[in-house]
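Report on the following structure.
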Amino acid sequence: MPHPSSPDLLALHAVRLKGFAGTGAVAARFGLDAAQTHEDLLDAEAYGWVTQASFAGLKGWSLTEAGRRRNEAELREELDRAGARESVTAVHDDFLPLNGQATQAFTSWQLGSMDAPVPAPTGDVLAQLAGIAYDLHPLERRLTAHLTRFGGYHHRFAGALARASDDPVWITGMEVDSCHRVWFELHEDLIASLGISR
C-alpha cells in the first residue's frame, strides 16, 4: 500500500517545490487544509525553516537553508520508512534521459519564441512534449506505488500541453502551471527526495 505523507511534511515540501508561494498555493499543491497549513507554516517559521517575504504586491513563504536541510531529512526518513529508496532511485535514473529531451524541447520553444511577438507552438515541440507526457505516465505510476505525494505530475503536464495549442504560455510560462513548471517541480521533487544535486 502506498505511503501517505504527513501534512506538516507536505507543507514544508510544497514550499520547496514552489520556491516562493502564499499559504493558499502551498496548501493547494497537495490538497491540504489551508488553515492547518497556515499553522504548520507558522510552526516551521518558529523553527527557522521558512520565512515570509513581500515584494511587488506578493506575499509568500520560502525555505531557509535550515528548512532545506529539514525537508531533505524528512524526505530521506520517509523514503526509508516506505522502503522506496531503490524504486525512486531507479525512476530518477530513467527520468534523466527524458529530462534531456524535455530540456531540449523547452529550449527549442524559447529560442523560437524570441523571433515572434505572439509565438505559436510548433508541431515539432508539441510532438516532443506529447511523447514526454506519454513516457511520464509509467514513471509516475512507479513512484505512486510507494509514495502518494508523487501523484498528479502526469495529469498536470498533459493538461498544460492540451492548452498549449490555444495559448502558448502553457509551454514555458511561469505565471501558470505550464509544462515547464510542472517538469521543473518533478525534477526538484526527485532530487530532494534522494538528497542529490541536479
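- Note on Leu136: it clusters hydrophobically with Val182, by side-chain heavy-atom contacts below 4.5 Å among ILVMFWY residues.
- Contact check for His13 versus Arg29: no side-chain heavy atoms found under the 4.5 Å cut-off.
- Asp189 is listed as a side-chain neighbour of Ser193, based on a closest heavy-atom distance under 4.5 Å.
- A donor-acceptor pair is defined here as one N or O able to donate and one able to accept, closer than 3.5 Å; no such pair exists between the side chain of Thr144 and the backbone of Leu147.
- Ser54 places no side-chain N or O within donor-acceptor distance of the main-chain N or O of Lys59, the cut-off being under 3.5 Å.
- One hydrophobic cluster holds both Leu79 and Leu143 under the rule that ILVMFWY side chains link at heavy-atom gaps under 4.5 Å.
- Between the side chain of Arg181 and the backbone N or O of Met174 there is at least one donor-acceptor pair closer than 3.5 Å.
- Sorted by first and then second residue, the ring-ring contact (aromatic ring centres under 6.0 Å, His included) pairs with a member in residues 52-72 read Phe20-Phe55; sequence neighbours excluded.
- A salt bridge links Arg142 and Asp94; the closest N-O separation between the charged side-chain nitrogens and carboxylate oxygens is under 4.0 Å.
- Side-chain N/O atoms of Glu78 and Ser5 include a donor and acceptor closer than 3.5 Å.
- If you check the side chains of Trp109 and Thr172, you find a donor sitting under 3.5 Å from an acceptor.
- In terms of modelled atom types and a separation under 3.5 Å, the side chain of Glu140 and the main chain of Gly151 share no donor-acceptor contact.
- In the hydrophobic cluster analysis, where Ile, Leu, Val, Met, Phe, Trp and Tyr join through side-chain heavy atoms closer than 4.5 angstrom, Leu98 is grouped apart from Tyr134.
- Looking at Asp40 and Gln36, their side chains do bring a donor and an acceptor atom within 3.5 Å of each other.
- Note on Trp49 and Leu32: separate hydrophobic clusters, where clusters join Ile, Leu, Val, Met, Phe, Trp and Tyr whose side-chain heavy atoms are under 4.5 Å apart, directly or indirectly.
- A donor-acceptor pair under 3.5 Å is absent between the side-chain atoms of His146 and the main chain of Ser87, judged by distance alone.
- For the residue pair Ala34 and Ala27, the shortest heavy atom distance occurs at CA-CB, 3.8 Å.
- At a threshold of 4.5 Å between side-chain heavy atoms, the hydrophobic network of Ile, Leu, Val, Met, Phe, Trp and Tyr places Leu17 and Val26 in two separate groups.
- Between Val50 and Thr64, every side-chain heavy-atom pair lies at or beyond the 4.5 Å cut-off.
- Counting only residues at least two apart or in different chains, ring-ring contact (aromatic ring centres under 6.0 Å, His included) contacts with residues 176-198 comprise Phe95-Trp183, Phe95-His187, Phe106-His180, Phe157-Trp183.
- Side-chain atoms of Ser108 and Asp124, non-hydrogen and from C-beta on, never get closer than 4.5 Å to each other.
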